[in-house]
Visitor: 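First the structure, which I've put down as structure tokens, then a few questions once you've had a look.
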Amino acid sequence: MTTLRAFTCDDLFRFNNILLLNRALQYGIPFYLQYLAHWPEYFIVAEAPGGELMGYSECGATPRRRGATSLMLCMFTVMGKAEGSVAREEWHGHVTALSVAPEFRRLGLAAKLMELLEEISEKKGGFFVDLFVRVSNQVAVNMYKQLGYSVYRTVLEYYSASNGEPDEDAYDMRKALSRDTEKKSIIPLPHPVRPEDIE
């Protein structure tokens with residue numbers, strides 16, 4: 001039976017392999033510790049019966065950074081934050097990282113972790129939840145669409161490339177929460193933006 005629990009500092013040393021399995025930008029331990037200290041309620045881990053980490057998801061509230069994260073070995077977790085302006089109806093939950101180890105995919109874990117992050121964002125009075133995903137990652141884009149997210153805008157060259165390849169665009173995908181009764185937060189922008197234009 002899968003156990004959902006709070007992410008702990010010790011988990012930082014258990015999920016590097018999941019991160020290495022994915023094509024995502026990896027942050028250092030200080031980055032994760034800062035997020036964990038500021039938004040512990042947004043860090044959730046799914047653990048297999050044998051104690052293996054199956055994945056994680058992260059949602060949080062700090063300035064956006066170029067890139068995203070993923071997971072390790074047998075872990076599933078979600079990491080995030082809350083950010084934005086209440087006055088401008090932009091207060092929201094932001095999914096910083098969501099990843100599931102390959103052997104635990106297609107079990108509904110990502111959907112469950114996203115649901116938990118959405119519930120936390122609702123309790124914090126958010127208008128929406130957003131996330132960034134590579135345009136080329138159609139598996140993830142389709143999964144988020146099935147979970148009710150839509151493309152709000154395209155962010156040009158959001159993900160830095162390596163090996164001399166060109167930088168990759170990202171979709172900023174959003175899902176309106178109950179506080180956004182008119183669903184204004186998910187009206188798509190008609191033109192792409194650059195990373196420096198993101199608030």
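Residue numbers count from 1 along this sequence. We use all heavy atoms of the structure for the numbers below, so side chains are in, but hydrogens, waters and symmetry mates are not.
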Visitor: Which heavy atom of P195 sits nearest a heavy atom of V155, and at what distance?
Guide: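 So the minimum-distance heavy-atom pair works out to N-CG1, 3.8 Å.
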
Visitor: For H92 and F128, I'd like to know if the aromatic rings sit close, meaning centre-to-centre distance below 6.0 Å.
Guide: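 Centroid separation for H92 and F128: below 6.0 Å.
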
Visitor: Could you tell me whether the side chain of L116 reaches within less than 4.5 Å of the side chain of E119, counting heavy atoms only?
Guide: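 Yes, their side chains come closer than 4.5 Å.
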
Visitor: Say whether, by atom type as modelled, one donor and one acceptor occur between the side chain of K175 and the main chain of L147 under 3.5 angstrom.
Guide: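 Yes; at least one donor-acceptor contact below 3.5 Å.
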
Visitor: In terms of hydrophobic clusters joined by side-chain contacts under 4.5 Å, are I186 and L189 together?
Guide: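 They do not share one cluster, since no chain of ILVMFWY contacts under 4.5 Å joins I186 to L189.
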
Visitor: Okay, side chain of E168, backbone of A161: is any donor-acceptor separation there less than 3.5 Å?
Guide: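 Judged by distance alone, no pair lies under 3.5 Å.
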
Visitor: When rounded to the nearest 0.5 angstrom, what is the spacing between CG in L131 and OG1 in T96?
Guide: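 Separation between the atoms: 10.0 Å.
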
Visitor: Considering non-hydrogen atoms only, spot the tightest contact between R179 and F127 and give its length.
Guide: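 For R179 versus F127, the nearest heavy atoms are NE-CZ, 3.4 Å.
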
Visitor: Take a 6.0 Å sphere around CZ of R106 and say whether it holds more than 12 heavy atoms from other residues, nucleotides or ligands.
Guide: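 Result for CZ/R106: open.
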
Visitor: Got a sec, which pairs hit side-chain hydrogen bond (donor to acceptor under 3.5 Å, both in side chains) with one end in residues 143-152, sequence neighbours left out?
Guide: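 Sorted pair list: E118-Y149.
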
Visitor: Take R134 and Y158 through the side chain to side chain contact (heavy atoms under 4.5 Å, CB included) test and state the conclusion after the steps.
Guide: CA-CA 8 Å; R134 291 176 186 273; Y158 182 77; over 6 Å; no

Visitor: Under a 3.5 Å threshold, yes or no: a donor from one side chain and an acceptor from the other, between S178 and E122?
Guide: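 The answer is yes; a qualifying pair exists.
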
Visitor: Using 0.5 Å steps for rounding, measure from the CD atom of E83 to the CG atom of D130.
Guide: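 Result: 6.5 Å between the selected atoms.
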
Visitor: Assert yes or no for the condition that the ring centre distance of F132 to Y171 is strictly below 6.0 Å.
Guide: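 Not close enough - the centres of the two rings lie 6.0 Å or further apart.
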
Visitor: Determine, using the 4.5 Å side-chain heavy-atom cutoff (strictly less than), whether V133 and M143 are members of one ILVMFWY cluster.
Guide: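 Yes: a chain of side-chain contacts under 4.5 Å links V133 to M143.
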
Visitor: Is it the case that the side chain of R174 and the backbone of V129 share a donor-acceptor pair, with hydrogens and angles ignored and the cut-off at 3.5 Å?
Guide: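 Absent.
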
Visitor: With distance as the sole test, does D169 use its side chain to make a donor-acceptor pair with the main-chain N or O of V135 at under 3.5 Å?
Guide: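 Side chain of D169 to backbone of V135, a donor-acceptor pair under 3.5 Å: no, none is there.
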
Visitor: To the closest 0.5 Å, what do you measure between NE2 (H94) and CG (L117)?
Guide: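 If we round to the nearest 0.5 Å, H94:NE2 and L117:CG are 11.0 Å apart.
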
Visitor: Is there a continuous path of hydrophobic side-chain contacts, each under 4.5 Å between heavy atoms, that joins Y159 to V193?
Guide: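 The answer is yes; both residues are in one hydrophobic cluster.
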
Visitor: For Q138, does the CD atom sit with more than 12 other heavy atoms under 6.0 Å from it, leaving out its own atoms?
Guide: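 Counting other residues, nucleotides and ligands, CD of Q138 exceeds 12 neighbours.
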
Visitor: If you compare all heavy atoms of V151 against all heavy atoms of P188, which two are closest, and at what distance to 0.1 Å?
Guide: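 Shortest heavy-atom contact: O-CB, 3.8 Å.
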
Visitor: Working to the nearest 0.5 Å, report the span between CG of L109 and CE of M114.
Guide: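 Rounded to the nearest 0.5 Å, the CG-CE separation comes out at 13.5 Å.
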
Visitor: Any donor-acceptor pair under 3.5 Å linking the side chain of D197 with the backbone of R194?
Guide: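 Present.
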
Visitor: Using the side chain to side chain contact (heavy atoms under 4.5 Å, CB included) rule, take I198 and R153 through it: C-alpha gap first, then chi angles, then the decisive distance, then the call.
Guide: CA-CA 10 Å; I198 299 172; R153 61 187 168 187; 3.6 Å; yes

Visitor: Before giving the answer on side-chain hydrogen bond (donor to acceptor under 3.5 Å, both in side chains), spell out for S160 and D167 the whole-Å C-alpha distance, their side-chain angles and the decisive distance to 0.1 Å.
Guide: CA-CA 5 Å; S160 298; D167 291 347; 4.7 Å; no

